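Input: a single structure, listed below in structure tokens.
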There are 2 protein chains.
Amino acid sequence: MEKSISRKELISKFHEKGYKVTPQRLKICEFVLSSKDHPTAEEIYHEVIKNNPTISLATVYKTLHLLSDLGLVQELNFAENRSRFDPNISPHINIICPKCGKILDYESKNIKQLWDMIISELKIKPSGQRMDLYVECEKWDKIQS
Amino acid sequence: MEKSISRKELISKFHEKGYKVTPQRLKICEFVLSSKDHPTAEEIYHEVIKNNPTISLATVYKTLHLLSDLGLVQELNFAENRSRFDPNISPHINIICPKCGKILDYESKNIKQLWDMIISELKIKPSGQRMDLYVECEKWDKIQS
DNA sequence: TTTCTTGCAAACACTTTGCATGCGG
DNA sequence: CCGCATGCAAAGTGTTTGCAAGAAA
């Protein structure tokens, strides 16, 4: 839905915060930020190691925290007890299957508008947000996305 | 906000699902279901063991999953990577401090309205929901609750 | 009496950390 | 050349599991 950040922008974000630009970081960021999914650290690791056999899981974790710190991904935790990383940081709904754990991003004008209304009701601008809905994935085809 | 379930109702819910009624389960449920907080398993354990020195952490975990299964609590996972258990299962917002992790429940008419809109838009009634807003707790006093 | 539950300790899974080596600026 | 980043393995943390003993139905 939203264009992911360019490499140039990413690098200048790194510089702003005094982070060094390394090939490992670039590879990991590139993969996560362009993901349409909500990958786990392990999944990211297995993906990036294919073309970069020298990347370690520890570096993946460190880079993900860095991206979190930069506000470029959101760390989402579910009952499965491991973190997933979502590059979609705009207000949206995660539709989650309570049986298999699959996640679908859902966006809608109406919901966004009402959500904004709630936020203005609070008189504070939050630094982030999260909305989850539990719907069995067998019923997902009824949803018009 | 909402009255918590009575002991009698709890016991009949147990019977419905074929779960046995034990003193450990009753103590744990009683504490969790009347909690105004979002306690972790450990916190629940330390609380119930005060009056019931024979309860184990494993039983706390098993009972919490049982309550989850009965739909009486919601398991909430945050970046801290441990589960919290929320007896408030009606649609509400968890206002979370990104610094200290404190959580405040927030309910409002608009939220109920948002909920109704989501259902009509999706054409499906979700089995559960979760809404989080990240707001530093220093600003919480501006929220009218 | 049968079946489920308990408590313990060990096993697990994910994440973080300490440290020597290596690389970016 | 300085200081941060990397990779490895070990440590850490929260949660789950296997099993013998015990309690509920």
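Predicted model only: the values in this text are computed from it and were never measured. Below, chain A is the first sequence line, B the second, and so on; all start at residue 1.
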Practice item. Calculate the interatomic distance between A:His15 atom NE2 and D:dA5 atom P; express it in whole Å. Key: 12 Å
Exercise for review: Using the six-membered ring wherever Trp is involved, compare the ring planes of B:His92 and B:His38 and label them parallel, tilted or perpendicular (cut-offs 30° and 60°).
Suggested key: tilted
Review point. When you check the phosphate oxygens OP1 and OP2 of C:dT6, does a side-chain N or O of B:Thr22 lie under 4.0 Å from one of them?
Key: yes
Check your understanding: So how far is it from A:Leu33 CG to A:Ile5 CD1, rounded to the nearest 0.5 Å?
Key -> 7.0 Å
Review point. If only side-chain N and O atoms of A:Arg25 are considered, is one of them under 4.0 Å from the OP1 or OP2 phosphate oxygen of D:dT6?
Key: yes
Point to revise | Between P of C:dG24 and CD1 of A:Ile11, the distance in whole Å | key: 12 Å
Review point. On DNA chain C, nearest-nucleotide positions of B:Asn81 versus B:Thr63: which is more 5'?
Key: B:Thr63
Check your understanding: Which part of the nucleic acid does B:Gln24 contact within heavy-atom distance under 4.0 Å: base, sugar-phosphate only, or nothing?
Key -> sugar-phosphate
Review point. Would one find a side-chain N or O of B:His65 under 4.0 angstrom from OP1 or OP2 of D:dT15?
Key: no
**Study point:** Rounded distance (Å) that lies between atom C1' of D:dA25 and atom CD of B:Glu16
**Key:** 17 Å
Check your understanding: Over how many whole Å does the gap from B:Arg82 atom CZ to D:dT13 atom P extend?
Key -> 11 Å
Exercise for review: Could you verify whether a donor N or O on one side chain and an acceptor N or O on the other, from B:Tyr134 and A:Gln74, lie under 3.5 Å apart?
Suggested key: no
Practice item. Give one of base, sugar-phosphate or nothing for B:Ser83, where a contact means two heavy atoms less than 4.0 Å apart. Key: sugar-phosphate
Check your understanding: Looking at the side chain of B:Lys20, which of D:dA25, C:dT17, D:dG14 is the nearest nucleotide?
Key -> D:dA25
Practice item. Would you mind telling me which residue lines up with the more 5' stretch of DNA chain C, B:Ser56 or B:Gly18, judged by nearest nucleotide? Key: B:Gly18
Check your understanding: Is there a side-chain contact between B:His65 and B:Asp69, using heavy atoms and a 4.5 Å cut-off?
Key -> no
Practice item. Rounded to the nearest angstrom, tell me the gap between atom NZ in A:Lys62 and atom C1' in D:dT6. Key: 6 Å
Point to revise | Rounded distance (nearest 0.5 Å) linking atom CD1 of B:Ile95 with atom CD1 of B:Ile143 | key: 3.5 Å
Point to revise | Atom-pair distance (CG on B:Leu26; P on C:dT6), nearest Å | key: 10 Å
Check your understanding: Considering heavy-atom distances to DNA chain D, does A:Tyr45 or B:Ala41 have its closest nucleotide positioned more toward the 5' end?
Key -> A:Tyr45
Point to revise | A:Leu57 CG to C:dT16 P, straight-line distance once rounded to whole Å | key: 10 Å
Study note, to complete from the structure: Separation of C:dT5 atom C1' from B:Leu64 atom CG, nearest Å, is 15 Å
**Study point:** Residue whose nearest DNA chain D nucleotide is more 5′ - A:Leu66 or A:Ala58
**Key:** A:Leu66
Check your understanding: B:Tyr19 side chain: which of D:dA5, C:dT5, D:dT17 is closest?
Key -> C:dT5
